Amino acid sequence: MPTRLSHLFLRTLRDDPADAEVASHKLLVRAGYIRRQGPGLFAWLPLGMRVKAKVEQVVREEMAAAGAQEVHFPALLPKEPYEATGRWEEYGDGIFRLKDRKDADYLLAPTHEEVFTLMVKDLYSSYKDLPVTIYQIQDKYRDEARPRAGLLRGREFTMKDAYSFDATDEGLAQSYEAQRDAYERIFSRLGLDYVIVKADAGAMGGSRSEEFLHPSPVGEDSFVRTAGGYAANIEAFTTVVPDALSLDGVPVAQVFDSPDTPTIDSLVAFVNKNHAREDARAWDSGDTLKNVVLALTHLDGSRELIAVGLPGDREVDLARIEVAFAPAEVEAATEADFAKNKALVKGYIGPWSESGAVLGEKGTSKIRYFVDPRVVDGTQWITGANLNEKHALFVTAGRDFVADGVIECAEVRAGDPAPDGSGPVEIARGIEIGHVFQLGRKYAEALGLKVLDENGKLVTVTMGSYGIGVTRIVAVIAEANHDDKGLVWPREVAPFDVHVVATGKDDSVFDIADGLIAGLEATGLDVLYDDRAKVSPGVKFGDAEIIGVPVILIVGKGAADGKVELWDRRSGERTELAIADAVASITALG
RNA sequence: CGGGGCGUAGCUCAGCUUGGUAGAGCGCUCGCUUUGGGAGCGAGAAGUCGCAGGUUCGAAUCCUGUCGCCCCGACCA
């Protein structure tokens, strides 16, 4: 039986909802697929349910083809497993926590590594049981600081999360490849553009990690790529390290007065005027070493000041620094921080001074000092001299100072060279639609998942985790497949195969439509039938456009003469057909 | 958490500056007409004006507080 529009639980809206910003959000609400229930929370209406089910179906088929088995865990879980791995604390405000009547702590799971690991531990104890990959399609909960863009970042969302368990590293590599391949097939079938980027393993721990990003201006992730095929999340981009320079013949460091030069620009202008270079070139901001004091907040709540040094023509990128110090949080140092550290002369901080080092674990400030990878031995810098209104020239890395470490602390810019030598990078935005991780043994270790190997020895299992945002993908497909009239679904996920519009004052159109629908359904197609009487053609056409079923069959003014029209929603093209040929023409579309 | 904006009918909004007891369009109900691009005419139903205090004879409107939401940033397997 067709789904009749006269009875479908649906109301299309003429206006964009006031709270929607991105196209997918506006259209999914206007076309009656979803409705907002609260910040980052959405109800799914019949049309939306169908599309979501189609996406899930593609995922299930490819998971099965990759040898993964479906299970289902509760979204509501006790805190203990998450305490064992430290994530109960690490997640901070990011998860929904609640208590039962006995005052025991629970959480709405943001992801399920712990309980999957424990389940495998419960059931398996031999290497012969491995490898195994299990997955679920399930709702996840995160108390996002700022839900946004409708389905793209919600507080409840559906995710396919798979977990692989192997006895060996080689096994993990294979399990990882199997999921990665499955993801490529899934996104291809869904007709989604994607870029696989190197990702930061971050708080999840582990080693290899890649994200599947759908390039889109509304994406929240920045990534870099080159024409030569390199791609990385901007947080995982690694700077090309220059060769160290010889220290021979480098002038000795020299302090100079630099009144009223607290900023890089003012400093560069000052040295060009008063300490011009001997060669033809002028000093520029890249000759200066910018030293920025930051505050780390460690998991235990303790606060530590650090300093980072980077070329003065670069901005500090806090997100990249957080990667280096995860799971600590990073923020700019406050006035209070400076007040507490008298050794710091704001605006004139540097790694070297005539009276000895200020920065660094061994310096008078005891503040750990990290430098950008470009600050290699032998590079000379104009930088602060740790005295008010004084800077120093020719402060040379490896001679005048040695940092406590090297971290990626600078912004990535378009044109920077890729680490694999494939050329200059461009920066683009993308939406994360999938993420594959080699977790390694972190969770198995923490939760005691071990199996006996062929020698009878206990070995810790190594794991991978693999996520796909199902509801986010619905939004991404909508984002990538719409025009100014409404949605245009790819056939693979369209809520229906054919949308039959019967329109005309003669009731015979409904009889003719009934006959065509019977023929279409006999071939296995799902039909949405606009059988509404007393609704004008304009309304029906408008609804067909916003709902976005790609194939529309109009039974209207030509029907009495044996003609119907096939309307391609995507191209807008309408083709007149003989009624007798209509079913065959539609099934021939594939 | 910082910055900005907004809360009035199911939806999108006007009214607020200059207080006088609430409106439009869309949607919904009924009747007649209409039927290839969101129809016409007529008659209706529908709102604690986010909430709480205050000022005032009188508050959607002015004042204070509070809650909520949206956007930017920070944050985000």
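Side chains are part of it too, since the values below use all heavy atoms of this structure and drop only hydrogens, waters and symmetry mates. Numbered from 1 within each chain, the chains take letters A, B, ... in sequence-line order. The structure displayed is predicted, hence computed values, not measured ones.
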Who does [N] pair with, Watson-Crick or G-U, both distances under 3.5 Å?
N	answer
B:G73	B:C1
B:G42	B:C30
B:U12	B:A24
B:U35	none
B:C51	B:G65

In this structure, how many angstroms lie between the [atom2] atom of [N] and the [atom1] atom of [X], rounded?
X	N	atom1	atom2	result
A:E144	B:C1	CD	P	16 Å
A:E315	B:A74	CD	P	13 Å
A:K534	B:C28	NZ	P	14 Å
A:Q37	B:C70	CD	P	13 Å
A:R148	B:C69	CZ	P	16 Å
A:E211	B:C76	CD	C1'	11 Å
A:D19	B:G68	CG	P	17 Å
A:H435	B:C76	NE2	P	14 Å

What does [X] touch in the nucleic acid at a heavy-atom separation under 4.0 angstrom: a base, only the sugar-phosphate, or nothing?
X	answer
A:D543	base
A:G504	sugar-phosphate
A:A559	nothing
A:R532	nothing
A:R11	sugar-phosphate
A:E114	nothing

Closest approach to the side chain of [X], judged atom by atom: which nucleotide of [options] is it?
X	options	result
A:T503	B:C69, B:G36, B:G38	B:G36
A:F541	B:G36, B:A74, B:C11	B:G36
A:I554	B:C70, B:G36, B:C72	B:G36
A:T12	B:A39, B:C70, B:G38	B:G38
A:R30	B:C70, B:C13, B:G38	B:G38
A:R35	B:U12, B:C71, B:C11	B:C11
A:R14	B:C75, B:G10, B:G38	B:G38
A:K557	B:G36, B:C71, B:A39	B:G36

Flag the pair [X] and [Y] as a salt bridge only when some basic side-chain nitrogen lies within less than 4.0 angstrom of an acidic carboxylate oxygen.
X	Y	answer
A:K140	A:E156	no
A:D166	A:R441	no
A:E411	A:R314	no
A:E177	A:R208	yes

Return the minimal non-hydrogen interatomic distance between [X] and [Y], and the atom names on each side.
X	Y	result
A:L172	A:G464	CD1-N, 3.8 Å
A:A31	A:L10	O-CD1, 3.2 Å
A:I186	A:V59	CD1-CA, 4.1 Å

Taking atom types as they are modelled, is there a donor-acceptor pair under 3.5 Å from the base of B:C76 to the side chain of A:R153?
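Answer is yes: a donor-acceptor pair is held.
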With hydrogens left out and only the distance checked, is there a donor-acceptor pair under 3.5 Å joining A:E545's side chain and the base of B:G38?
no
On a whole-Å scale, what distance lies between the [atom1] atoms belonging to [N] and [M]?
N	M	atom1	result
B:A22	B:U18	P	23 Å
B:C51	B:A60	C1'	14 Å
B:C30	B:A46	C1'	15 Å
B:U61	B:A9	P	15 Å
B:G40	B:U17	C1'	40 Å
B:G38	B:A14	P	26 Å
B:C76	B:C26	P	48 Å
B:G20	B:A59	P	11 Å

According to a strict under-4.0 Å criterion, is A:S536 in side-chain N/O contact with OP1 or OP2 of B:U35?
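Answer is no, no contact under 4.0 Å.
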Taking the six-membered ring of A:W88, is NZ or CZ of A:R97 closer than 6.0 Å to its centre and within 45° of its axis?
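Yes - A:R97 lies over the ring of A:W88, closer than 6.0 Å to its centre and within 45° of its axis.
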